[in-house]
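What follows is a single structure, written as structure tokens, with notes after it.
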Amino acid sequence: MTVRTRFAPSPTGYMHIGGMRTALFNWLWARHNEGQFILRVDDTDQQRNLDEALAPILHAFRWLGLDWDEGPEKGGPHAPYFQSKRGHLYRQAVELLLQQGKAYRDFDPPEVTQADREAAEKEKRPFLNIRRSLDLSDAEREQYLAEDRPHVIRFLVDRESKVEIDDHIRGHVEWDCGLIADPVICRGDGSPLYNFATVVDDAQLEITHVIRAEEHLTNTAVQAMLFDALGYARPEFAHIPFVAAPGSKEKLSKRTKKLEKYRTSPQFQKLFQIADDVLPKIGLKPGEEMNPVMVAYYEAVGFLPEAILNGLSRLGWSFDDKTENMSLDFVTEHFTLDRVVKGPAGLDPDKLLAYQEYWMGQRSVEEKVDACLPFLEKAGYIDSPIDAAEVRFVTHLVEALGDRIKLFSDILQYDEYFVSDADMTYDEKAFEKRLRKPEEAGMLLREFREELAAAKSFDADELDALLHEWVDSKGIKIGQVIHALRVATTGKPAGPGMFDCLALLGKDRCLARIDRALEQI
RNA sequence: GCCCCCAUCGUCUAGAGGCCCAGGACAUUGGAUUCUCAGUCCAAAGACAGGGGUUCAAAUCCCCUUGGGGGUACCA
């Protein structure tokens with residue numbers, strides 16, 4: 001049998017990183033088995049513009065390279081793939097249950113049910129529906145219906161039985177149905193509830209494996225009963241651990257209140273800091289839809305899809321006891337459900353950054369340049385359209401930067417190569433330490449300036465030789481002048497090799513900046 | 001309250017009775033290299049939640065306790 005898995009996002013306008021991990025595991029299982037991966041949109045409560053709310057989600061899938069075989073924009077043999085357009089299927093299923101006496105119309109107003117529930121809790125016993133509507137005579141029932149009395153439809157749980165499933169990850173799990181309240185399957189307005197719609201859809205879409213986060217485990221009892229009652233074959237279940245907030249075992253949440261907490265968490269704050277530093281520069285705003293809980297954030301600040309995929313794959317799954325860096329192809333080949341762990345896995349920003357460094361190291365200079373250019377352009381550091389000279393310059397910069405570029409947006413930290421000599425800012429502390437404090441700094445810098453001015457070539461290797469010969473001839477150490485030179489020309493205490501920096505800037509800019517620094521000492 | 005799930009270094013994990021006085025990775029700390037930073041290399045520190053069983057032998061199996069988490073909706 002062909003393996004068919006699905007991911008069913010609600011069109012909310014953003015893609016949660018934890019949801020992405022669930023989607024990834026579904027995708028992996030389908031691809032590993034040469035099966036199909038289906039995207040179905042759970043838009044039962046359609047309040048906003050669907051296209052607008054769905055676009056960022058589909059974009060996240062595309063960015064990561066997770067394709068779907070059936071679903072929005074693609075269609076498929078079981079279309080439509082939007083729950084809002086599948087009403088007839090749910091109605092048909094409800095009708096069937098009603099006819100067979102497996103579901104009933106519950107005319108109890110919500111307040112009554114609520115009171116029953118509170119009474120149960122007070123007495124420390126599990127809540128079970130009183131099922132008053134079951135005692136109605138046919139005549140009464142017909143009268144209620146005729147007068148359009150509001151009611152919901154509940155599934156009639158067989159309290160004598162028990163439900164059991166054999167979950168791929170949790171193993172054997174069972175529930176005593178005598179403890180399960182009759183779930184509402186249709187609202188007062190006739191619309192289906194998630195638990196019900198999902199069963200009808202999974203069956204109709206011929207889903208073979210339901211892989212979802214652990215928070216749905218409890219729902220599975222009801223869903224399993226529903227599959228059985230409707231005469232559908234049950235899919236296999238795999239309840240994977242949810243993605244926890246960094247340093248915790250709590251489900252990673254998108255709620256604003258939690259976001260504020262994450263922002264100050266020692267493990268998480270690094271990623272928020274990146275957002276605060278980078279996003280404003282490129283015209284984006286950190287906020288509810290752009291933060292480290294959302295996939296869009298990672299793309300926006302210049303993470304590599306490979307790194308996110310690698311990090312997400314290793315969240316709750318491992319290949320063996322040593323392999324850490326894995327491509328999507330590698331994971332696809334080796335992904336199995338039995339290697340998924342049971343405990344919740346905290347998202348680890350440091351580890352994510354480490355994967356990022358690894359995958360960035362696999363990229364060629366050209367690839368890095370291509371990805372850095374848009375950041376420079378959006379930040380206004382280079383003009384658009386970008387001309388060939390700028391591409392050449394950025395290529396040299398990226399070469400000089402080497403491993404220092406971890407995120408593509410890191411290029412924005414090197415603004416000194418894009419601003420005018422007059423606009424470059426000096427790091428105050430560095431200026432003090434390297435230029436004002438050492439007594440000989442100004443003098444040495446002034447002398448070496450003349451060497452630079454006379455230099456025939458401004459190539460890094462020759463500059464290297466020039467400075468070395470000069471310090472040798474003066475009998476001083478390179479450290480006595482090079483730091484002053486660095487701060488004077490770049491404004492910063494740290495950066496690429498000094499001679500790369502000088503070569504990058506060129507003679508005129510170096511001299512102008514040295515002159516400016518000398519004046520300010 | 002009730003139901004369900006989970007439990008190895010700070011974090012992600014390896015471990016399916018002897019190979020484990022527990023392995024790897026990230027983070028941390030020290031050292032080496034360099035003009036700084038990044039990187040790289042070397043090294044160190046760091047865990048089987050507790051208690052009972054079962055067994056010749058338990059991180060691994062069973063039970064209890066504790067702790068953590070999820071669900072308890074006319075949300076998904």
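Within every chain, numbering begins at 1; the chains are lettered A, B, ... in the order of the sequence lines, protein sequences first and strands thereafter.
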Review point. More 5' along RNA chain B: Lys270(A) or Trp175(A), using each one's nearest nucleotide?
Key: Trp175(A)
Practice item. For Lys342(A) and G68(B), give me the distance from atom NZ to atom C1', rounded to whole Å. Key: 16 Å
Check your understanding: Contact class for Phe127(A) vs. all strands (heavy atom < 4.0 Å): base, sugar-phosphate, or nothing?
Key -> nothing
Review point. How long is the line joining CZ of Arg314(A) and C1' of U11(B), in whole Å?
Key: 11 Å
**Study point:** Donor-acceptor contact below 3.5 Å, side chain Arg159(A) vs main chain Cys177(A)
**Key:** no
Practice item. Considering only atom P, compute the distance from G17(B) to C62(B) and round it to an integer number of Å. Key: 12 Å
Review point. Does a nitrogen or oxygen in the side chain of Arg187(A) sit under 4.0 Å from OP1 or OP2 of A76(B)?
Key: yes
Review point. Base, sugar-phosphate, or nothing: which does Val341(A) touch, judged by heavy atoms less than 4.0 Å apart?
Key: sugar-phosphate
Check your understanding: Choosing from C74(B), C12(B), A7(B), which nucleotide comes nearest the side chain of Lys351(A)?
Key -> C12(B)
Revision key, fill the gap. Re A44(B): Watson-Crick or G-U wobble partner, both distances kept under 3.5 Å, found to be U28(B)
Review point. For Glu439(A), does the CD atom have more than 12 heavy-atom neighbours from other residues, nucleotides or ligands under 6.0 Å away?
Key: no
Check your understanding: Under 4.0 angstrom, heavy atoms only, what part of the nucleic acid is Lys492(A) near: base, sugar-phosphate, or nothing?
Key -> nothing
Review point. When rounded to the nearest Å, what value does the distance between P atoms of C21(B) and C12(B) take?
Key: 25 Å
Study note, to complete from the structure: To the nearest angstrom, the CG-P distance between Asn129(A) and C2(B) comes to 19 Å
Review point. If the C1' atom of C63(B) is compared with that of C56(B), how far apart are they to the nearest Å?
Key: 23 Å
Practice item. Could you tell me whether Asp348(A) contacts a base, only the sugar-phosphate backbone, or nothing, with contacts defined as non-hydrogen atoms closer than 4.0 Å? Key: base
Check your understanding: Expressed in whole Å, how much space separates the C1' atoms belonging to U28(B) and A47(B)?
Key -> 16 Å
Review point. So is Arg149(A) actually on top of Tyr144(A)'s ring, under 6.0 Å and inside 45° of the axis?
Key: yes
Review point. Base, backbone or nothing for each nucleotide of nucleotides 32-41 of chain B, written B, S, -, heavy atoms under 4.0 angstrom, 5' to 3'?
Key: ---BBBSS--
Study note, to complete from the structure: Testing C12(B), G1(B), A76(B) for proximity to the side chain of Glu121(A), the answer is G1(B)
Point to revise | G15(B) and C61(B), which share atom name P, separated by this distance in whole Å | key: 12 Å
**Study point:** Options A25(B), C5(B), A76(B), nucleotide nearest the side-chain atoms of Glu214(A)
**Key:** C5(B)
Exercise for review: Take atom CG of Asp202(A) and atom C1' of A76(B), then tell me their distance rounded to the nearest Å.
Suggested key: 13 Å
**Study point:** Basic-acidic side-chain contact under 4.0 Å: Asp42(A), Arg40(A)
**Key:** yes
Review point. Is a salt bridge present between Glu324(A) and Arg314(A), judged by a nitrogen-to-oxygen distance below 4.0 Å?
Key: yes
Exercise for review: Take Glu416(A) and Arg513(A) through the test salt bridge (charged side-chain N to carboxylate O under 4.0 Å, His left out) and record every step on the way to the result.
Suggested key: CA-CA 11 Å; Glu416(A) 64 268 30; Arg513(A) 289 179 181 196; over 6 Å; no
Exercise for review: Provide the distance between the two P atoms, one in G10(B) and one in A45(B), to the nearest whole Å.
Suggested key: 15 Å
Review point. What is the nucleic acid contact for Val184(A), judged by heavy atoms within less than 4.0 Å: base, sugar-phosphate only, or nothing?
Key: sugar-phosphate
**Study point:** Over 12 non-hydrogen atoms of neighbours within 6.0 angstrom of NZ in Lys433(A)
**Key:** no
**Study point:** Protein-nucleotide distance (Tyr14(A), atom OH; A76(B), atom P), rounded to Å
**Key:** 14 Å
Point to revise | Below 4.0 Å: OP1/OP2 of C3(B) and any side-chain N or O of Thr218(A) | key: no
Point to revise | Nucleotide opposite C19(B) in a Watson-Crick or G-U pair, distances under 3.5 Å | key: none
Point to revise | Any Asn195(A) side-chain heavy atom under 4.5 Å of Ile185(A) side chain | key: no
Exercise for review: Scan Arg212(A) against the nucleic acid and name what it touches under 4.0 Å (heavy atoms): base, sugar-phosphate only, or nothing.
Suggested key: nothing
Practice item. Under the salt bridge (charged side-chain N to carboxylate O under 4.0 Å, His left out) rule, what do Arg154(A) and Asp108(A) come out as? Steps first, then yes or no, please. Key: CA-CA 11 Å; Arg154(A) 287 185 189 274; Asp108(A) 282 356; over 6 Å; no
Practice item. Just call it for Gly343(A): base, sugar-phosphate, or nothing, with non-hydrogen atoms closer than 4.0 Å on any strand. Key: sugar-phosphate
**Study point:** ring-ring contact (aromatic ring centres under 6.0 Å, His included) assessment of Phe375(A) paired with Phe408(A)
**Key:** CA-CA 8 Å; Phe375(A) 282 95; Phe408(A) 290 123; 7.0 Å; no
**Study point:** Out of A76(B), G71(B), C2(B), whichever nucleotide has its closest atom nearest the side chain of Pro126(A)
**Key:** C2(B)
Review point. What is the base-pairing partner of A49(B), counting Watson-Crick and G-U wobble geometry with both distances under 3.5 Å?
Key: U65(B)
Point to revise | Residues touching RNA chain B, which here means a heavy atom under 4.0 Å, drawn from residues 153-167 of chain A | key: Arg154(A)
Point to revise | Atom-pair distance (NE2 on His239(A); C1' on C6(B)), nearest Å | key: 15 Å
Study note, to complete from the structure: The residue, Gly247(A) or Gln83(A), whose nearest nucleotide of RNA chain B is more 5′ is Gly247(A)
Check your understanding: A27(B) and C42(B): how far apart are their P atoms, nearest whole angstrom?
Key -> 15 Å
Check your understanding: Cationic tip of Arg21(A) within the cone over Phe25(A)'s six-membered ring, i.e. under 6.0 Å and within 45° of the normal?
Key -> yes
Practice item. Among C12(B), G24(B), C6(B), find the nucleotide with the atom closest to the side chain of Leu315(A). Key: C12(B)
Review point. Quick one: is Arg170(A) getting a side-chain N or O under 4.0 Å of the G70(B) phosphate, OP1 or OP2?
Key: no
Practice item. Would you mind telling me which of G23(B), G70(B), C74(B) lies closest to the side-chain atoms of Asp321(A)? Key: G23(B)
Check your understanding: How is Glu324(A) classified with respect to the nucleic acid when contacts are heavy atoms under 4.0 Å: base, sugar-phosphate, or nothing?
Key -> base
Point to revise | Donor-acceptor under 3.5 Å (Arg404(A) side chain, Leu401(A) main chain) | key: yes
Exercise for review: Indicate yes or no: does Asp415(A) engage Lys492(A) in a salt bridge with an N to O separation below 4.0 Å.
Suggested key: yes
Practice item. Quick one: look up who U72(B) pairs with, Watson-Crick or G-U, both distances under 3.5 Å, and put none if it's unpaired. Key: G1(B)
**Study point:** Side-chain N or O of Arg117(A) closer than 4.0 Å to phosphate OP1/OP2 of A73(B)
**Key:** yes
Point to revise | Atom-to-atom span, CG of Asp320(A) to P of A14(B) - whole angstrom | key: 10 Å
Check your understanding: Base, sugar-phosphate, or nothing: which does Asn325(A) touch, judged by heavy atoms less than 4.0 Å apart?
Key -> nothing
Exercise for review: Identify the heavy atoms of Lys249(A) and Phe242(A) that sit nearest to each other, and give their distance.
Suggested key: O-CE1, 3.4 Å
Practice item. Could you give the distance separating A7(B) and U65(B) at their C1' atoms, to the nearest angstrom? Key: 13 Å
**Study point:** Protein-nucleotide distance (Ile180(A), atom CD1; G71(B), atom P), rounded to Å
**Key:** 17 Å
